[in-house]
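None of the values given here were measured: they were computed from a predicted structure.
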Amino acid sequence: MNKQLSGVSTTQTAEAVQVNEPLNTGHLNDLLRQQLRPVKSKQAPKNVNAPLPAEVQQKNLLSIVDESVGSMLGESKLNRVVLHEQLSKLYYQQKFIYEQADISPALRKRQFIAQSGLIMSPDNCITTQLDDLRVNAFVRGIDQALSHKFTSHQGPLHIVYPACGPFAPLLLPLIAYYKTQQKYTPQQLQITLIDLQEGAVKSLEALVETMGIKDYVRGVLCIDALAYWPDALAVDMVILEAMQHGLSSEGQFCIARHFARLLSPQGCFIPQKISVRAMLNSAQKEFVEQWKNSEYLSELDMDPAIKSARIDLGEIVSLTAESLLTLPEHVLDEHTRLIECGKATIPMLPEKCAEQSLLLCSQIDVYGDIRIGEYDSGITHPLPDPQVCINFIPRENRPGDLLLNSGDTIHFFYRLNGLPGFLATCYEGEVSHD
């Protein structure tokens with residue numbers, strides 16, 4: 001499909017689409033081969049224009065922050081075109097600072113698999129700032145959550161943002177806005193930024209310096225999010241968005257389980273809930289016919305007829321701060337851990353029914369009634385599982401194919417190791433718990 005997954009136009013930012021593509025074995029092999037070869041140092045090209053003085057960079061950046069964040073928090077009705085233009089200005093201003101920072105090309109492009117899942121390269125992560133509906137929902141949700149928190153919270157409120165990437169796009173602009181608008185002081189608000197990528201940490205330090213918000217930042221840590229433990233200051237709010245569609249590849253699930261244990265008793269998780277439902281639909285209708293004449297991708301732009309033709313099999317998992325602590329875990333061996341999720345029964349389908357694809361459809365409840373619906377962002381784009389074959393036999397016998405029929409029950413598990421993601425199995429009885 002040639003539509004943009006995370007932005008306002010179907011022709012803009014092709015690199016944003018690339019970020020949301022799953023990493024296949026070929027990609028992984030290429031990355032490993034690159035790491036085996038020594039990196040040759042290249043002389044950076046000289047900039048045509050000299051870097052702007054620090055005070056000018058700060059003035060320009062804060063002006064754009066005030067405009068974009070002020071618009072998100074102040075407008076009662078979203079104007080997506082205006083929002084995308086504002087976030088594009090913010091993106092290019094931050095990208096300029098990122099490119100001026102002392103980050104080697106090797107660190108910018110470094111991508112690998114860690115304990116929690118795929119660790120995206122800093123170069124691929126920066127385009128999150130352009131995902132307008134995602135950024136808008138998180139900024140508004142965090143602001144609303146803080147307003148509620150400060151009605152009863154005593155002392156500094158500690159926000160931790162793991163796997164935040166080189167821009168920490170869902171929080172840093174908001175903090176800079178709070179400073180310029182004198183809404184919250186550093187005595188009220190302290191943040192800890194965490195990323196495993198050294199290049200991302202260097203970028204964060206440069207942005208924090210340019211934004212003039214060092215007093216708000218308790219630390220910028222270059223560690224695995226799973227290794228973080230709070231010290232004297234409790235964790236009052238966790239902001240975590242480390243996911244691709246269908247909770248595939250990246251470490252959202254694994255990192256969220258870790259931080260659910262670290263929250264203070266009255267702590268808050270942003271997003272509050274991630275719900276994944278299993279659906280059946282024709283892939284041709286869902287991904288091609290539905291969007292062939294559309295300018296935008298969003299939940300509101302879905303074709304009502306195609307949406308109603310879906311077969312909803314039900315919710316297979318709901319991730320909240322509470323459920324993350326209670327979902328059953330199965331340890332198959334020292335390298336393999338699965339989380340048991342829900343079951344879904346395939347209804348009796350007509351004999352002449354079009355070939356059905358299993359879709360994993362996500363909805364993100366950021367805070368209160370602020371949500372990110374299907375197709376609103378790359379992270380909520382429905383994810384098809386091409387290896388689940390319902391009422392048909394594939395032309396080729398492929399490893400991993402699951403052949404199912406009407407009336408069968410699918411039992412879903414979530415794979416925590418390697419590249420995380422859902423595993424569909426045929427339910428044949430009770431599952432023993434380890």
**Request:** Kindly check if the number of other-residue, nucleotide or ligand heavy atoms within 6.0 Å of NZ (Lys183) is above 12?
**Result:** yes

**Message:** Can you tell whether the side chains of Arg134 and Asp376 come within less than 4.0 Å, N to carboxylate O?
**Reply:** no

**Asked** With a 3.5 Å cut-off and no angle check, do the side chains of Thr380 and His245 form a donor-acceptor pair?
**Response** no

**Request:** Please list, chain by chain and in numerical order, all residues satisfying ring-ring contact (aromatic ring centres under 6.0 Å, His included) with Tyr414, sequence neighbours excluded.
**Result:** Phe253, Phe422

**Request:** Run the salt-bridge test on Lys292 and Asp303 with the 4.0 Å N-O cut-off and return the result as yes or no.
**Result:** no

**Request:** Sorted by first residue and then second, give each ring pair (Phe, Tyr, Trp, His ring centres under 6.0 Å) pair with at least one member in residues 180-215; sequence neighbours left out.
**Result:** Phe150-Tyr184, Tyr178-Tyr184

**Prompt:** Going from CD1 on Ile103 to OG on Ser203, what distance comes out if it is rounded to the nearest 0.5 angstrom?
**Reply:** 5.0 Å

**Prompt:** His158 side chain to Arg218 main-chain N or O, any donor-acceptor pair under 3.5 Å?
**Reply:** no

**Message:** Looking at every non-hydrogen atom in both residues, tell me the closest pair between Pro166 and Tyr98 and how far apart they are.
**Reply:** CB-CE1, 4.2 Å

**Prompt:** Looking only at atom types and distance, does a side-chain atom of Ser63 sit under 3.5 Å from a main-chain N or O of Lys59, one as donor and one as acceptor?
**Reply:** no

**Asked** Just checking, is any N or O donor in the side chain of Glu340 or His330 under 3.5 Å from an acceptor N or O on the other one?
**Response** yes

**Asked** Does any N or O in the side chain of Ser323 come within less than 3.5 Å of the main-chain N or O of Ser318, such that one atom is a donor and the other an acceptor?
**Response** yes

**Asked** Considering residues, nucleotides and ligands other than Glu67, do more than 12 of their heavy atoms fall under 6.0 Å from its CD?
**Response** yes

**Message:** When you compare the side chain of Leu338 with that of Glu329, does any pair of heavy atoms fall below 4.5 Å?
**Reply:** no

**Message:** Is any side-chain heavy atom of Val238 closer than 4.5 Å to one of Pro162?
**Reply:** yes

**Asked** Below 4.5 Å, heavy atoms only, C-beta onward: do Met243 and Ser362 meet side chain to side chain?
**Response** no

**Message:** Could you measure the distance from the OH atom of Tyr92 to the CG atom of Leu130? Nearest 0.5 Å is fine.
**Reply:** 6.5 Å

**Item:** Closest contact, heavy atoms only, Glu289 versus Ile306
**Value:** C-CD1, 4.3 Å

**His148-Tyr367 side chain donor-acceptor pair, cut-off 3.5 Å** = yes

**Prompt:** Taking C-beta and beyond as the side chain, do Val160 and Ile239 meet within less than 4.5 Å on heavy atoms?
**Reply:** no

**Message:** Check this for me: does any side-chain nitrogen of one of Arg310 and Glu374 sit under 4.0 Å from a carboxylate oxygen of the other?
**Reply:** yes

**Request:** Would you sort out whether Val276 and Leu247 count as a side-chain contact (heavy atoms from CB on, under 4.5 Å), showing the intermediate values?
**Result:** CA-CA 9 Å; Val276 182; Leu247 290 177; 4.0 Å; yes

**Message:** Quiz question: by atom type and distance under 3.5 Å, do the side chains of Ser294 and Asp301 form a donor-acceptor pair?
**Reply:** no

**Message:** More than 12 heavy atoms of other residues, nucleotides or ligands under 6.0 Å from CG of Asp102: yes or no?
**Reply:** no

**Prompt:** Side-chain donor-acceptor pair under 3.5 Å between Gln252 and Glu241, yes or no?
**Reply:** no

**Prompt:** Going by distance alone, is a donor N or O of one side chain under 3.5 Å from an acceptor N or O of the other, for Asp132 and His84?
**Reply:** yes

**Prompt:** Should the ring pair Tyr375 and His381 be called parallel, tilted or perpendicular, given that the plane angle runs from 0 to 90° and is split at 30 and 60?
**Reply:** perpendicular

**Request:** Output, in order, the C-alpha distance, side-chain angles, deciding distance and verdict of side-chain contact (heavy atoms from CB on, under 4.5 Å) for Leu423 and Phe412.
**Result:** CA-CA 6 Å; Leu423 170 70; Phe412 291 92; over 6 Å; no

**Pairwise side-chain contact, Leu359 with Leu383, heavy-atom cut-off 4.5 Å (strictly under)** = no

**Item:** Asp131 and Thr128 side chains, donor-acceptor separation under 3.5 Å
**Value:** no

**Request:** Carefully, step by step, assess Glu299 and Arg371 under the rule salt bridge (charged side-chain N to carboxylate O under 4.0 Å, His left out).
**Result:** CA-CA 11 Å; Glu299 187 175 61; Arg371 56 186 286 276; 3.0 Å; yes

**Member of Asn417, Ile255, Leu196, Leu226 meeting the side chain to side chain contact (heavy atoms under 4.5 Å, CB included) criterion with Gln115** = Leu226

**Request:** Go through the side-chain N and O atoms of Asp333 and Thr336 and say whether any donor and acceptor fall under 3.5 Å apart.
**Result:** yes

**Message:** So does Gln182 get a backbone contact from the side chain of Thr185, meaning a donor-acceptor N/O pair under 3.5 Å?
**Reply:** no

**Item:** Minimum side-chain heavy-atom gap Gln94-Leu61 below 4.5 Å
**Value:** yes

**Item:** Inter-residue atom distance Leu73.CG - Gln181.CD, 0.5 Å rounding
**Value:** 9.5 Å

**Request:** Please say whether the positively charged group of Arg110, taken as NZ for Lys or CZ for Arg, lies over the ring of Phe112, i.e. under 6.0 angstrom from the six-membered ring centre and within 45 degrees of the axis.
**Result:** yes

**Request:** State whether a side-chain donor-acceptor pair under 3.5 Å links Asp365 with Gln272.
**Result:** no

**Asked** Does the pair Asp195 and Lys202 meet the rule for a salt bridge (charged side-chain N to carboxylate O under 4.0 Å, His left out), with working shown?
**Response** CA-CA 10 Å; Asp195 202 277; Lys202 287 177 177 288; over 6 Å; no

**Item:** Spatial distance of atom CD1 (Ile370) from atom CD1 (Ile364) [nearest 0.5 Å]
**Value:** 13.5 Å

**Request:** With rounding to the nearest 0.5 Å, note down the distance linking CG in Asp123 to CD in Gln197.
**Result:** 10.0 Å

**Message:** Could you walk me through whether Lys95 and Glu99 satisfy the salt bridge (charged side-chain N to carboxylate O under 4.0 Å, His left out) test, starting with their C-alpha distance in whole Å, then the side-chain angles of each, then the deciding distance to 0.1 Å, before giving a yes or no?
**Reply:** CA-CA 6 Å; Lys95 186 171 183 279; Glu99 291 171 346; 2.7 Å; yes

**Asked** Can you tell if the side chain of Gln190 reaches within under 4.5 Å of the side chain of Leu233, non-hydrogen atoms only?
**Response** yes

**Asked** Step by step, would you call Glu286 with Lys307 a salt bridge (charged side-chain N to carboxylate O under 4.0 Å, His left out)?
**Response** CA-CA 8 Å; Glu286 181 76 32; Lys307 186 176 182 180; over 6 Å; no

**Request:** Look up atom CG in Asp66 and atom OG in Ser71, then write down how far apart they are to the nearest 0.5 Å.
**Result:** 12.0 Å

**Request:** May I ask you to check whether Gln58 and Thr210 show a side-chain donor-acceptor distance below 3.5 Å?
**Result:** no

**Prompt:** When you measure from the side chain of Lys179 to the backbone N and O of Gly212, does any donor-acceptor pair fall under 3.5 Å?
**Reply:** yes

